[in-house]
2 protein chains.
Amino acid sequence: MTTIRDVARQAEVGVATVSRFLNGGYISDEKKSRVLRAIHELDFRINEVARSLSTGRSKAVGLVIPDLNNPFFPGIIHGVEETCENAGVMVMLAHTAEREDRVEAVINNLIQRGVDGLISASGLENPSSVSVPLVMLDRVNGTSAVDSVRTDHVQGGMIATRYLLSKGHRDILFLSGPLQNTGASLRLQGYRQMMEDAGFRPQWIEGKRFDFAEGYAIALECLKQGETSAIFAGNDLMALGVVRAAMEMGLQIPGDLSVIGYDGIDLSAHTTPSLTTVAQPMYELGKQAATMVLFRAYEESKRVCERVELTPKLLIRGTA
Amino acid sequence: MTTIRDVARQAEVGVATVSRFLNGGYISDEKKSRVLRAIHELDFRINEVARSLSTGRSKAVGLVIPDLNNPFFPGIIHGVEETCENAGVMVMLAHTAEREDRVEAVINNLIQRGVDGLISASGLENPSSVSVPLVMLDRVNGTSAVDSVRTDHVQGGMIATRYLLSKGHRDILFLSGPLQNTGASLRLQGYRQMMEDAGFRPQWIEGKRFDFAEGYAIALECLKQGETSAIFAGNDLMALGVVRAAMEMGLQIPGDLSVIGYDGIDLSAHTTPSLTTVAQPMYELGKQAATMVLFRAYEESKRVCERVELTPKLLIRGTA
DNA sequence: CTGAAAGCGCTTACAG
DNA sequence: CTGAAAGCGCTTACAG
């Protein structure tokens with residue numbers, strides 16, 4: 001490995017001069033070109049770990065994602081990455097595979113490896129114990145005072161419900177994901193409020209997981225009764241499960257049953273029929289979160305905690 | 001930040017002793033317990049970047065993924081992560097968003113940050129220039145001598161084709177993904193060989209991308225002619241596009257048209273109808289790749305290059 | 001504008 | 001078994 005010393009020797013300058021060249025300090029044109037040449041001749045690449053140790057900054061932030069299988073996340077990741085890339089900051093992606101017990105370990109690991117900030121879409125029990133700037137993404141812990149960004153899920157729940165009501169439905173079932181998930185309970189809140197305001201009785205079932213199989217299983221179960229004319233699913237994956245269950249039971253969609261999802265994952269536009277859904281601004285969520293960590297990490301860390309909520313958007317397609 | 005010096009002072013020992021405690025060297029029980037206590041009292045966390053600089057090892061490997069939107073990858077990532085976790089090695093995930101120009105930058109960045117090895121599912125122009133142990137995953141560059149692991153795609157192509165032939169099809173269209181993708185061209189090879197052996201004329205169309213929209217668009221186009229009785233798609237996403245196009249044209253599946261996919265992504269089991277496909281052993285691919293880098297990085301780096309091919313598996317479901 | 005020196009937080013021979 | 005010291009590859013005052 002060639003180091004800054006090798007470059008200095010080759011260019012016949014001091015190592016401090018090479019360092020200045022690398023980091024932009026005063027340096028004469030004469031030496032500048034000698035250093036540049038030496039760097040090329042030696043194919044020098046700076047050792048970022050040494051740099052990190054010396055400066056106390058790594059120009060990297062960690063991004064922790066709970067579940068790569070959920071197509072909700074790639075858009076977010078993309079938003080974070082582009083924003084960080086523009087700022088010359090690397091993003092270290094880590095994922096916790098929905099194992100609550102892993103998130104603390106993963107975050108500690110990232111911190112020990114010197115990240116300057118952290119974005120977490122995995123829930124933390126104790127966010128304030130994190131020693132670097134942190135922004136919670138999507139899974140906001142209601143109680144603690146941390147920077148956070150998420151979609152306005154109450155509004156999202158209301159949008160979905162209002163739309164179904166406007167289509168004349170009144171037996172609308174909300175098939176929520178796990179309610180310990182803040183987003184899910186917020187959507188439920190929006191749903192309930194909208195239903196009650198309209199004078200109808202809210203009804204909901206709590207799914208154990210946010211996935212296809214769960215939506216499918218629950219729908220199969222409760223479509224037997226035949227009361228429901230519309231289902232608002234906790235997310236798109238569950239909605240897709242509902243659609244499949246309904247189709248297998250010979251129900252017409254949206255004739256016999258209307259289905260509306262939540263998230264607006266790419267796939268939802270491509271199924272048959274395509275899914276009507278409430279879309280979260282994934283890319284924007286990521287971008288916003290990244291902007292916030294970058295600011296905290298590199299501009300100004302002390303300030304009151306900031307909570308951003310982005311607006312969801314109804315996508316009317318084939319299922320409702 | 002509390003350092004090893006603080007711990008040493010608190011425990012009234014030398015810093016070397018603390019280091020030995022951390023890394024397992026000779027140390028008396030007496031001092032061992034004093035150090036342990038000090039570590040707890042001070043809530044000491046080792047600075048891994050300092051450790052890396054000192055040892056020249058980071059206990060981390062990089063994993064570069066071309067496209068997080070493709071559900072083919074999460075299974076692989078999972079396999080890599082579990083294997084590395086068991087070995088006490090962190091995996092730094094990076095993704096190149098299908099931008100060829102980013103992969104070199106991403107890899108350099110990872111190396112500069114001290115990874116001990118690298119697994120890349122993104123294609124590299126010049127793999128031999130990588131200065132740490134490297135294993136190519138899935139996208140194997142045919143020419144250069146690098147460790148690699150992938151599915152036996154020739155066999156995969158044959159399996160799909162053989163199955164369709166056994167069902168009596170003879171006008172089987174292979175809708176490949178981009179043929180510069182080695183996997184795609186290998187599947188084509190298996191398909192052609194099988195067709196020719198059976199005495200039928202192979203026919204294929206090259207899709208520009210491995211995605212839903214591409215499968216949909218091409219299918220819409222070529223199903224007009226009405227010659228084809230079966231389509232073997234380059235991957236599951238494309239196959240799903242084909243299914244949708246066919247359904248919109250009023251074709252019965254598999255009655256009027258049989259469709260078979262490739263990859264075996266989770267979703268393929270959950271669509272309506274569920275997709276018949278040739279499954280790649282995603283988890284195993286990741287596990288195998290991880291095992292190989294770990295070996296190269298921590299056991300024995302010099303050896304002839306190793307190329308592993310894993311066996312694909314036919315999953316008979318609803319579309320063929 | 002420039003170089004020698006100290007320091008970032010560890011590890012690892014080396015001499016006890 | 002243990003501690004002082006040198007070193008990993010950088011950066012950053014400091015004195016010129």
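Chain A is the first sequence line, chain B the second, and so forth, proteins listed ahead of strands; every chain is numbered from 1. Side chains are part of it too, since the values below use all heavy atoms of this structure and drop only hydrogens, waters and symmetry mates.
For B:K31 and B:A50, each mapped to the nucleotide of DNA chain D holding its nearest heavy atom, the one lying further toward the 5' end belongs to B:K31. Each of B:V18 and A:E12 has a nearest nucleotide on DNA chain C; the 5'-most of these lies closest to A:E12.
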Step-by-step side chain to side chain donor-acceptor pair (under 3.5 Å) determination, A:N109 to A:R113 | CA-CA 6 Å; A:N109 207 314; A:R113 287 173 190 281; 2.7 Å; yes
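Atoms CD1 and OG, from B:I119 and B:S148 in turn, are 12.5 Å apart once rounded to the nearest 0.5 Å. To the nearest 0.5 Å, atoms CD (B:Q10) and CD (B:E41) are separated by 5.0 Å. Remark: B:S54 OG to B:N47 CG distance equals 11.0 Å, nearest 0.5 Å.
Among the protein residues, A:T55 comes within range of the sugar-phosphate backbone only, with heavy atoms under 4.0 Å from sugar or phosphate atoms but none that close to a base. Looking at heavy-atom distances under 4.0 Å, B:R20 makes contact with a base. Within the nucleic acid shown, A:V13 comes within 4.0 Å of sugar-phosphate atoms alone, with no base atom in reach, counting heavy atoms only. Residue-level contact check: B:F44 touches the backbone only, with heavy atoms under 4.0 Å from sugar-phosphate atoms and none from bases. If you check every strand for non-hydrogen atoms under 4.0 Å, A:L53 touches a base. Backbone-only contact: A:S28 has heavy atoms under 4.0 Å from sugar-phosphate atoms and none from a base.
Remark: side-chain polar atoms of B:D263 are not paired, donor with acceptor, to backbone N or O of B:F72 under 3.5 angstrom.
Comparing C:dG16 with C:dT12, their C1' atoms sit 16 Å apart, to the nearest whole Å.
Shown here, C:dA15 forms a base pair with D:dT2; the pair counts as Watson-Crick or G-U wobble because both key distances fall under 3.5 Å.
The minimum heavy-atom distance between A:T3 and A:F44, with the atom names listed, is C-CE1, 3.5 Å.
First and last contacting nucleotides of DNA chain D toward chain B (any atom under 4.0 angstrom from a heavy atom, 5' to 3' order): D:dC1 to D:dG9.
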